[in-house]
Amino acid sequence: MTKRDILILPEAKLRLVSDPVERVDDAVRQLADDMLETMYAAPGIGLAAIQIGEPRRMLVMDVAREDEDPDPMVVINPEIVWESPELSVYQEGCLSIPEYYADVERPARIGLRFLDREGAERELEADGLLATCLQHEIDHLNGVLFIDHISKLKRDRVMKKFQKQARLAEKS
Ligand code: ZN
């Protein structure tokens with residue numbers, strides 16, 4: 001496993017729409033393992049492949065609490081098959097937008113179809129943090145960031161801050 005660099009806002013690649021994974025082979029499993037290592041090292045609870053510069057429709061997650069055993073999930077080619085009409089609000093953050101948090105409203109429950117690490121078809125009903133986290137990561141596969149769900153005023157402010165940081169980093 002190799003820890004990889006995480007792309008940070010305003011990196012343009014974060015806006016790419018990722019391509020489906022055609023075949024779940026050893027190279028894909030290797031990428032999933034790298035993503036898990038990168039996510040745990042950050043530390044974070046979810047990471048999409050595009051966040052390490054790979055435009056492929058896959059994500060990793062672990063929403064186990066600190067007092068629980070690790071529960072790594074590998075989700076490939078996810079598809080949301082239904083969403084509850086009820087919404088819930090969570091304070092979200094993102095490894096590509098460090099140290100910024102904001103409340104986001106999303107469907108409280110979802111049904112998901114995906115391939116697991118072995119390429120087997122799976123279905124899952126998710127609620128709570130798992131549902132929110134899955135929707136956040138699936139957004140990444142479509143080039144969408146959680147700041148797209150907040151007001152334009154707040155989003156512009158965050159974008160400016162990160163653009164400025166990127167300029168400063170270039171100069172030094
Ligand atoms: Zn994110």
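Ligands are counted one by one from 1 in listed order, and the atoms in each one are counted from 1 as well. None of these values were measured; they are calculated from a predicted model.
- For the side-chain contact (heavy atoms from CB on, under 4.5 Å) criterion with Pro78, the lone passing option out of Leu134, Leu124, Leu141 is Leu141.
- Looking at Asn77 and Arg56, their side chains never bring a donor and an acceptor atom within 3.5 Å of each other.
- At distances below 3.5 Å, at least one donor-acceptor pair connects side-chain atoms of Arg57 with backbone N or O atoms of Ser18.
- Excluding waters, the set of protein N/O/S atoms under 2.8 Å from the Zn ion (ligand 1) reads Cys94 SG, His136 NE2, His140 NE2.
- Salt bridge status for Arg113 with Glu121: absent, with no side-chain N to carboxylate O gap under 4.0 Å.
- Checking Asp103 against Tyr90 by side-chain atom types alone, no donor-acceptor pair falls below 3.5 Å.
- Partners of Pro43 by side chain to side chain contact (heavy atoms under 4.5 Å, CB included), not counting sequence neighbours: none found.
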